[in-house]
Amino acid sequence: MDSVIDARHISEPGLVVLDITAADEETALALMDELQQLWATSGTTAIRRDPAQPGVRARVHADIRRTNPGNEAGLPHDGEEQAATADQ
């Protein structure tokens, strides 16, 4: 991808920008879906084709410090404390 990465997307350890190149849209979408199951991400983003380049491309922003974003046992958000659970 030729676009510049905004500094706020990598301003802290654990924040990443992933440029994805895949053979087809289905593969790129499957990867983005799996990534958002693991980490807090920007979700499914636009997929583009570049003339004279193989495959499709997409860009995903992720916070790899936050695992399982929909899971209540995940990392606390800014200013929040994680509630204790019976198995801790």
As an exercise, state the distance from [atom1] of [X] to [atom2] of [Y], rounded to the nearest 0.5 Å.
X	Y	atom1	atom2	answer
Thr41	Leu35	OG1	CG	6.5 Å
Met32	Thr45	CE	OG1	4.5 Å
Leu15	Arg66	CG	CZ	9.5 Å

Problem set entry | In one Ile/Leu/Val/Met/Phe/Trp/Tyr side-chain cluster, 4.5 Å: Ile64, Leu18 |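 Per the 4.5 Å side-chain linkage, Ile64 and Leu18 are co-clustered.
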
Could you check if a side-chain atom of [X] sits within less than 4.5 angstrom of a side-chain atom of [Y], using non-hydrogen atoms only?
X	Y	value
Ile20	Val60	yes
Arg59	Val17	yes
Thr44	Leu29	yes

Problem set entry | Which atom of Ala28 lies closest to which atom of Ala22, heavy atoms considered |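 Result for this residue pair: N-CB, 3.8 Å.
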
Problem set entry | side-chain contact (heavy atoms from CB on, under 4.5 Å) partner of Val56, the single match among Glu26, Glu25, Arg48 | Glu25

Problem set entry | Thr27 backbone acceptor or donor facing Asp24 side chain under 3.5 Å | yes

For this session: May I have the step-by-step check of side-chain contact (heavy atoms from CB on, under 4.5 Å) for Arg57 and Asp50, ending in yes or no?
Result: CA-CA 8 Å; Arg57 290 172 175 61; Asp50 292 327; 3.2 Å; yes

